[in-house]
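Quick notes on the structure that follows.
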Amino acid sequence: MTRSDQQRSLSFGAEAAAYERGRPSYPPEAIDWLLPPDARDVLDLGAGTGKLTTRLVERGLDVVAVDPIPEMLELLSSSLPETPALLGTAEDIPLPDDSVDAVLVAQAWHWFDPQRAVAEVARVLRPGGRLGLVWNTRDERMGWVKELGRIIGHEDDPFTNRVTVTEPFTDVQRHQVEWTNYLTPQALIDLVTSRSYCITSPEKVRVQTLDQVRELLATHPALANATGLALPYVTVCIRANLG
């Protein structure tokens, strides 16, 4: 990871509240596919404000959340006070060896040093455990979503462009789920505000980007005067078992 990538990966604390308001959760079908059927102890690595953590806790799992950004964990702990929330990184996970059945990573693997992260995840997993990666990517086949991508940057499939899972993990599989997230116009602004490139852009660029999004909301036929928006997603999932 370059220094600029590292700075971007740690930038989310500045907009943790916007992240929590604007970012979508994850569809149950994706989580079903990622988790081993007998999982009990699960690490949410790069947990952020707890978007995925919440879904895991709701299933009755024993979850530990780890993230390097205090502001994100503070929001997570305010909504999930009984869930352990630890400062740490994928390259230095603050858990003992052989302590969890699954490690899930939502929207974060591309920020990690993959070689070091793979070694650490393998260390904390029990024999036969599973690594699961998940990303929500906007489905830009619809007109206004494609136009949003033109303004804020188009989505791409992280599996085909950046992600590799190496030994000792085996049986790497890919799955995707199409679904729709319903949100308010203000939540869409929060979604854009919480993106790393927007947080780290110069003030003039950030203001210009948000103004363009507001103009899209005000003028696009599918969005103008709407109080609720339907934002389609393709959730990309990858799973691999500890060999």
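Heavy atoms only: backbone and side chains are in, while hydrogens, waters and symmetry mates are out.
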With a 4.5 Å limit on heavy-atom distance, are the side chains of [X] and [Y] in contact?
X	Y	answer
V100	V64	no
D44	V42	no
L217	L188	yes
F112	E120	no
V145	P232	yes
E167	L242	no
W179	D139	no

What are the two closest non-hydrogen atoms of [X] and [Y], and how far apart are they?
X	Y	value
I189	R214	CD1-CG, 3.6 Å
D41	S99	CB-O, 3.9 Å
S25	R55	OG-NH1, 2.7 Å
A240	V165	CB-CG1, 3.9 Å
W33	R239	O-NH1, 2.7 Å
D67	A47	OD1-N, 3.3 Å

Item to check | L35 and L56: CA distance, side-chain angles, deciding distance, side chain to side chain contact (heavy atoms under 4.5 Å, CB included) verdict | outcome: CA-CA 10 Å; L35 284 171; L56 297 173; 4.1 Å; yes

From [X] atom [atom1] to [Y] atom [atom2], the distance as rounded to the nearest 0.5 Å:
X	Y	atom1	atom2	value
L231	L191	CG	CG	7.0 Å
L223	L229	CG	CG	6.0 Å
Q186	T184	CD	OG1	6.5 Å
K51	M72	NZ	CE	10.0 Å
E147	Q212	CD	CD	9.0 Å
I31	E58	CD1	CD	8.5 Å

Next on the checklist: The test is side chain to side chain contact (heavy atoms under 4.5 Å, CB included); show your working for V236 and V134 and say whether it passes.
Outcome noted: CA-CA 6 Å; V236 178; V134 61; over 6 Å; no

Going by atom types only, do [X] and [Y] share a side-chain donor-acceptor pair under 3.5 Å?
X	Y	value
Y233	Q176	no
T235	W135	no
Q115	D113	no

Item to check | By side chain to side chain contact (heavy atoms under 4.5 Å, CB included) - contacts of E203 (at least two apart) | outcome: R206, V207

Say whether, by atom type as modelled, one donor and one acceptor occur between the side chain of [X] and the main chain of [Y] under 3.5 angstrom.
X	Y	result
T137	V234	yes
S79	L76	yes
R174	C237	no

Item to check | Chi angles and distances behind the side chain to side chain contact (heavy atoms under 4.5 Å, CB included) call for L104, L43 | outcome: CA-CA 6 Å; L104 298 192; L43 166 61; over 6 Å; no

Checklist entry - Is the shortest distance from a Lys or Arg side-chain nitrogen in D92 or R123 to a carboxylate oxygen in the other one below 4.0 Å? => result no

Item to check | D98/R126 salt bridge by N-O under 4.0 Å criterion | outcome: no

Checklist entry - Just wondering, are more than 12 heavy atoms of other shown residues or ligands nearer than 6.0 Å to CG in D97? => result yes

Item to check | Over 12 non-hydrogen atoms of neighbours within 6.0 angstrom of CD in E74 | outcome: no

Item to check | Derivation and outcome, side-chain hydrogen bond (donor to acceptor under 3.5 Å, both in side chains), residues T170 and N241 | outcome: CA-CA 5 Å; T170 61; N241 296 321; 5.8 Å; no

Next on the checklist: Working note: V118 + F169, criterion side chain to side chain contact (heavy atoms under 4.5 Å, CB included); need CA distance, chi angles, decisive distance, verdict.
Outcome noted: CA-CA 8 Å; V118 161; F169 290 94; 3.9 Å; yes

Next on the checklist: For E178, give me all partners under salt bridge (charged side-chain N to carboxylate O under 4.0 Å, His left out), at least two apart in sequence or on another chain.
Outcome noted: R141

Checklist entry - Out of L86, L87, V66, T49, which one pairs with L73 under the side chain to side chain contact (heavy atoms under 4.5 Å, CB included) rule? => result L87

